[in-house]
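Step one of this worksheet: look at the structure below.
Convention: sequence-line order gives letters A, B, ...; per-chain numbering from 1. For clarity, every value in this text was computed on a predicted model and none was experimentally measured.
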Amino acid sequence: MNDMTINTELARQILVGFIRSEITRTGLKRAVLGLSGGIDSALACYLAAEALGPENVLAVRMPYRTSSQDSLDDAQAVIDATGVQALTLPITDMAEPLINTFPDMAPMRRGNIMARLRMVILYDQSAAFGGLVVGTGNKTEILLGYSTLYGDSACAINPLGDLYKTHVRQLSAALGVPKSILDKAPSADLWQGQTDEAELGFAYADVDRLLYLLVDQRCSPQDCVEMGFEAGFVAKVVERIRRNQFKRILPPIAKLSNRTIGYDFLYLRDWGT
Amino acid sequence: MKLTLALAQMDTRLGDVRANLDKHLHLAREARANGADLLVFPELSLTGYVLQDLTPSVAHRPTSDDPVFKELLEASRTLDMVVGFVDEDSRHRFYIAAAYLSQGQVVHVHHKVYLPTYGLFDEGRFFAWGDSIRAFDTRFGRMGVLICEDFWHASPPYLLWLDGADLLLFTSASPGRGLGPGPQLDSSRWVEHINQGYASLFTAFVAHTNRVGYEDGLNFWGGATVFDPNGEQIAAGPYHQETLTFAELDLNQLHRTRARLPLLRDERTSMVLREMKRIAGES
């Protein structure tokens, strides 16, 4: 029950097929994604390049003035390795006018503005390039709500959303994602020195094991404590999952009629295709 | 006697019956050209699987005056077919259904009796529950058809066996799930285990086909299989790929296996019935 190993070849096959199917059935054949230099977007880029051909994938680097050079270099290594098309659009000049309007703006607000500006750019490139935006959010961050609503979580399809960070690492290693990306501490790179694990307050390896038990194995919080997880840690994670449900669903629509979108007007996205 | 069986593991267009019908007719020609006597399509092969509110708009009646079945029945003059569809009865109840077509006639229609309505499944919300399990005679012998969740319960295959089916035809639209360290998804591993089990326990042929492709985030894993009355796998299609898988069934194997292993002869139906009545509180 604790083995989180996945068969990477089977995962690759299913996810490549998913990207190909869910893009081409819309009548398109191209994808756009933001390439941060981190492991999630690197993996999404490898999968999209295989699914659609590298010439049909546009990877966009969108650094802010505080973004690290390592991130840009690592993203470039992915572009070089996969052969995808690439574009670099710094967001500093777009973000600063808004950020400077509020001199005491907290880092989270600045980070959200950056994430949402990147979304604006990706969706603009989606129209310009004629490709769907491929998301890069993984199961760990979706469950923990560690993303910006309508920012980095915005996408047309998400191939990584059922892979925990631990799985993302396994699959990335199997696909040959550069070692510098595999080895570095995950970071949203929204401010200097930021790391996911420092901000979250726990390690991915630990929280992934806990999430896997709570969600995939349907263990109760008490079960997890009995298995050796610290009770405070379990409570914190359980509460975080609950509190972030709003990020995982469409906004609720107030029901008035006999047939309401989301409640009794039910169709898949793939309707008719 | 030999029967060449073709199992279609096909992708479908969700809610586009015309496009799916054209694919059926194309695959029927291909299967026939390769010598098939019987071609089995997966669950809901004419409609796609996660139909939700599309259900009423894709339903058809398995009769010769229905425009879709008219073409399928015509095609069934060259080879027998099992097709998956939504059946709307005269009272406008919708069923997940499979029809056995042969020589221009509808030989049998099965309505899915177990509708999974849990986890990722929501069939009971949109469909009516079938209420009978019957074997039927074909020009190749007596058969039975079950649809996906039907054979996750042990009783429907058992009933078909007692009702005389020597060839069990199972169809699925099984979403792939359960990725672990092994080379197979949990869903495919489990289906193969039980189908091999049914073939062994019932000393019968068990053929299964499952669709491929994607609907939103769901993947369908294909992996058609045929097991013979010894429980030996005699055909296996690839996972996740659209293809026809062919198997030659030597129907005389039934004679040989049952001469060796008379499980059917020794089955104590009356005792089972008596105990079932007791368990159900009817005696």
Considering all heavy atoms of both residues, which atom of A:L10 and which atom of B:L185 are nearest to each other, and what is their separation?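 Residues A:L10 and B:L185, closest heavy atoms: CD2-N, 3.8 Å.
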
Test applied, side-chain contact (heavy atoms from CB on, under 4.5 Å); reference residue, A:L268; option that passes from B:L51, B:L14, B:L218: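 That would be B:L14; it is the only one of B:L51, B:L14, B:L218 passing the side-chain contact (heavy atoms from CB on, under 4.5 Å) with A:L268.
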
Between B:G15, B:G176, B:G213, B:G182, the one whose heavy-atom pairs under 4.5 Å with chain A are most numerous: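 Highest number of heavy-atom pairs under 4.5 Å: B:G182.
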
Distance-only donor-acceptor pairs under 3.5 Å across chain B and chain A:
from   : atom 1 : to     : atom 2 : distance (Å)
B:R13  : NH2    : A:G272 : O      : 3.4
B:L14  : N      : A:T273 : O      : 3.0
B:L14  : O      : A:G272 : N      : 2.7
B:Q52  : OE1    : A:Y267 : N      : 3.2
B:Q52  : OE1    : A:L268 : N      : 3.2
B:D53  : N      : A:L266 : O      : 3.0
B:D53  : OD2    : A:R259 : NH2    : 2.6
B:D53  : OD2    : A:L266 : N      : 2.9
B:R125 : NH2    : A:Y263 : O      : 3.3
B:G180 : O      : A:N7   : N      : 2.6
B:G182 : O      : A:N7   : ND2    : 3.2
B:Y214 : O      : A:R25  : NH1    : 2.7
B:Y214 : OH     : A:I14  : O      : 2.4
B:Y214 : OH     : A:F18  : N      : 3.0
B:D216 : N      : A:D270 : OD2    : 2.4
B:D216 : OD1    : A:R269 : N      : 3.2
B:D216 : OD1    : A:D270 : N      : 2.9
B:D216 : OD2    : A:R269 : N      : 3.0

Check whether more than 12 heavy atoms from other residues, nucleotides or ligands sit under 6.0 Å from atom CD1 of A:I253, and answer yes or no.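 Yes, the 6.0 Å shell around CD1 holds more than 12 heavy atoms from other groups.
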
So for atom CD1, which belongs to A:I249, do other residues, nucleotides or ligands contribute more than 12 heavy atoms lying within a distance under 6.0 Å?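 It does: A:I249 CD1 has more than 12 such atoms within range.
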
Listed once per pair and sorted, the salt bridge (charged side-chain N to carboxylate O under 4.0 Å, His left out) pairs that draw on residues 41-51 of chain B, sequence neighbours left out: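 Listed once each, the pairs are B:E43-B:K112.
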
